[in-house]
Every structure is written in structure tokens, then in C-alpha cells.
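Whatever order the structure lists ligands and atoms in, that order sets their numbers, starting from 1.
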Amino acid sequence: MKPIEIIDIDVSYGAKKILEAITFHADAGEILGIVGPNGSGKTTLLRAMSRVVARDNGEIRLDDRDLDSLGHRELARRVAVVPQDISIGFDYTVRDVVMMGRHPYIGRFASETARDVEICDHAMLLANVAHLAGASVHEISGGERQRVLIARALAQEPKILLLDEATSNLDVSHQVEILNIIRDLAGEITVVSVFHDLNLAAYYCDRLLLLKDRKVYAAGTPAAVLTRENIREIFGMEMLVKPHPLTGKPYVLPVYMHQSSAGENRRVHVVCGGGTGSDILHLLHAAGFTVTCGVLNVLDTDYGTAMHLGLPCVVEPPFHGITPESLSGLRKCLDSADAVIVTAMPIGRGNLDNLRVLLEYPATPVLFYARDRSTRMEDYTGGEAGTVLANLEARGALRVEGAEELLARLSRDGSERD
Ligand SMILES: Nc1ncnc2c1ncn2[C@@H]1O[C@H](COP(=O)(O)OP(=O)(O)OP(=O)(O)O)[C@@H](O)[C@H]1O
């Protein structure tokens with residue numbers, strides 16, 4: 001028996017269909033997150049589950065009971081809702097509002113019992129609003145009001161808790177505090193919560209439901225739903241999706257790309273390693289250059305960046321020297337490159353081979369790139385590497401510092417060529 005089963009429901013506002021053919025269930029004691037872009041129907045879905053809006057067709061079952069067969073009190077004892085809109089009309093005290101959560105249990109003409117008071121006090125403690133009990137709800141902050149509404153929902157002792165972005169007004173420490181409380185309660189109760197913050201959703205939810213264009217686009221574990229492809233498709237932007245280094249849960253990081261066309265039709269090859277090229281790989285890609293890189297080892301940070309950006313990269317296995325095959329791969333990149341960038345990095349045997357090959361391309365401009373003053377090429381060179389670099393400089397290789405200078409130099413070279 002599932003605490004919540006939604007079977008093929010459609011929901012409309014007037015003639016406008018908002019949700020179509022929605023089917024899913026929540027397992028007992030889980031936190032199910034609903035994610036999706038603005039206007040995709042997340043709130044409407046919660047409203048349908050709490051009978052605030054009627055569905056056009058399909059079925060909603062709570063513990064195998066038809067939602068429509070439940071009386072108002074019975075429904076309120078099963079389902080508590082923390083809405084997105086946290087305004088409260090009358091000038092109640094915090095305690096009054098939290099006590100409203102007990103109404104489904106208090107008889108029409110009866111007054112609250114000691115048990116109601118105890119549950120209400122406990123709910124206020126849990127949501128960290130006990131110290132505000134006597135304050136007017138109009139004299140507390142938006143975040144505090146949100147916690148009051150969470151306390152009211154907890155006082156309802158629901159089996160199912162529906163949260164509509166219930167932590168969106170809270171600062172990060174209160175967000176985590178409330179979600180930790182909800183995580184602790186899950187197990188005893190089933191939680192369905194709308195999230196805009198994908199990282200909070202990934203961390204706190206057992207499963208996610210991703211909505212798009214009125215329908216369920218994907219459902220499953222956070223790792224299965226929050227893929228780079230799904231996020232690109234749904235939100236239309238690039239995000240890096242990685243396991244969080246401490247929790248192992250998926251972690252999404254937006255790639256803020258200020259796209260430009262400065263590098264259109266221009267090809268650059270980047271010789272980098274150890275993370276020294278990640279910033280410019282990203283920047284050059286965003287500026288519209290066709291970027292290749294390598295030779296890199298597959299465990300290298302810059303290789304990770306190249307893969308995230310989808311850049312062609314000549315690679316070798318970890319701790320492997322450069323083979324003739326990858327040298328020929330590198331030459332293929334260099335044959336069509338308009339410029340080569342060499343980042344300031346420690347130059348080991350592998351990179352020395354990379355650099356030697358550049359000597360075969362005297363007509364291709366080479367830029368030695370240092371991210372800032374603290375990283376200088378000469379700090380990293382010496383011996384044979386120093387000689388190769390000196391040879392490249394003798395052939396016109398230039399030193400540039402900072403991404404701005406690099407892009408300016410590349411566009412100057414481009415216009416000179418044009
Ligand atoms: N009371 C209403 N009457 C008519 N249309 C509505 C009403 N409430 C919402 N809508 C429309 O229904 C669609 C879905 O709204 P809903 O609030 O469910 O989306 P949402 O995914 O929760 O959005 P958000 O992320 O912005 O909170 C939107 O196009 C919205 O304009």
C-alpha cells in the first residue's frame with residue numbers, strides 16, 4: 001500500500017491544461033522532490049494532491065483511499081501543506097498560527113487539550129520558533145514566518161507532508177536546519193517537496209520527479225534524474241554534474257557562459273595540465289573558438305574540464321608517456337590550429353614532448369599563458385624544457401598574463417591574419 005499514488009491525472013485552470021497524464025507514487029517514509037522550470041506545474045501538482053484544485057480525470061489515492069472520499073478533517077489529519085505564499089491575513093500570534101495545526105483534532109466546540117499544547121510547543125521547538133511564540137506574525141521576518149508555517153504543519157501530525165519550496169525564504173543555515181528536521185521526520189512520514197535548488201534536492205531527496213511541459217520528464221534517484229543532459233534539456237543551460245566530494249550525492253554547478261562570437265571560425269590548441277588550463281579552456285570555448293587540447297593524461301584536472309566542455313582532447317592513460325599515436329593525434333590538431341596556447345605549468349617528460357612538436361610549426365603563433373603574476377613560466381622550467389621554450393620564444397612565441405590579455409592577443413592575431 002503506497003501512501004500516495006497518482007494515476008494518470010490531468011489538471012487544468014479553466015481551459016488551460018497545466019498537467020497531463022501524470023503518474024507516480026511516493027514510497028512510505030521517503031522524501032520525494034519535485035523539480036522543474038518555472039511554470040511547469042509543480043505547485044499545481046501539490047495543490048491537486050491536497051485537493052485545493054480539482055483534477056480533470058485520473059485518480060489520487062492516499063493509503064489506498066480515494067482522495068475524494070476523505071472528509072475535510074480526515075484529509076487534514078493525513079496531509080499537511082506548507083505553501084509557497086507565506087502571507088498570513090490576520091494579526092495572530094505565532095502560537096495561534098501553530099495551534100491552527102491542531103484544528104483537525106480539536107472538536108468544533110471543544111478547546112485545546114494539554115496534549116494539543118504539548119504538540120504545539122514541540123512543533124515550535126523543532127522549527128526553532130518557540131522564542132517567538134507571543135510575537136505577532138506581522139512582526140517577524142519572512143524566514144521566521146516560513147518556519148512558523150512549518151511548525152503549524154508539524155503540529156498537524158500528518159502522515160504526508162507537502163512542501164512548496166518551504167525553505168526558499170530561509171538563509172542557508174536555517175534551510176539546512178529545517179531540511180535536517182524534515183529528513184529526520186521522513187521515515188515516520190512521507191514528504192513530497194518542491195525544490196528549486198537542485199543541490200538541496202539532490203542531497204535531501206530519495207527520489208526526484210522532473211516536470212517539463214505539463215508532463216513527467218524523468219523520475220528516479222537524484223543521480224538518475226539530475227544528469228547533465230536532462231538539465232540542459234529542461235533548463236537550457238550547461239551545468240557540471242559531479243559527485244559531491246564529501247557526500248557523494250550529485251552536485252550541480254552552473255556553467256555561467258557569457259557566449260560571444262569573438263573566436264568564431266578560429267581554432268586554438270591548448271597545451272596544459274594539472275588544472276592550469278581549465279579557466280581558459282572554458283573561456284575560449286565560451287568565446288566561440290574551436291578548442292582542442294592535449295596531450296593530457298586522463299586523470300588530469302584539465303582533461304576533466306575538456307570532457308565537461310565536450311572538447312576534443314588527445315589523451316594518454318594515467319602516468320603514461322606520450323606514444324607515437326598520441327603525437328600524431330597532436331600533430332593533427334596542430335595542422336589546423338590558428339594558434340597554440342601553452343599554459344604555465346611544471347614541465348615533465350610528457351609535456352616536453354608536447355612542446356618539441358610545436359617547433360615543427362614555426363608559422364603557428366604560440367602564446368605562453370600565465371593566469372596571473374603568481375604563476376610565471378620560468379618558475380616551472382629549467383634544463384631541457386627551458387631550452388625548448390627559449391627556442392619557441394626565439395621563433396616569436398609571446399608571454400601573456402591573464403585571460404583578458406590572452407583573448408585580446410588572439411583577436412589581434414586573428415585580425416592581422418584576416
Ligand atoms: N490560479 C491560477 N489560474 C490560472 N493559471 C494558473 C493559476 N496558478 C498557476 N497558473 C498557471 O499554471 C502554470 C503552472 O503554475 P505552477 O505554479 O503550478 O508552476 P510551478 O512549476 O510551481 O512554477 P514556479 O516554479 O514558478 O513556482 C503556470 O503557467 C501558471 O501561470
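- Within a 6.0 Å radius of OH in Y13, other residues, nucleotides and ligands contribute more than 12 heavy atoms.
- In summary, the side chains of Q84 and S168 do not present any donor paired with an acceptor at a separation below 3.5 Å, with no hydrogens or angles considered.
- Using a distance-only test at 3.5 Å, with no hydrogens or angles considered, no donor-acceptor pair links the side chain of N297 to the main chain of L299.
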- Message: Does E157 form a salt bridge (charged side-chain N to carboxylate O under 4.0 Å, His left out) with R115? I'd like the steps, not just the answer.
- Response: CA-CA 12 Å; E157 293 190 300; R115 181 170 148 71; 3.4 Å; yes

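- Using modelled atom types and a 3.5 Å distance limit, the side chains of D116 and T113 yield a donor-acceptor pair.
- Between the side chains of Y369 and D279, a donor-acceptor pair is found at a separation under 3.5 Å.
- Within 4.0 Å of ligand 1, protein heavy atoms come from Y13, K16, I18, P37, N38, G39, S40, G41, K42, T43, T44, R47, Q84, E165, H196.
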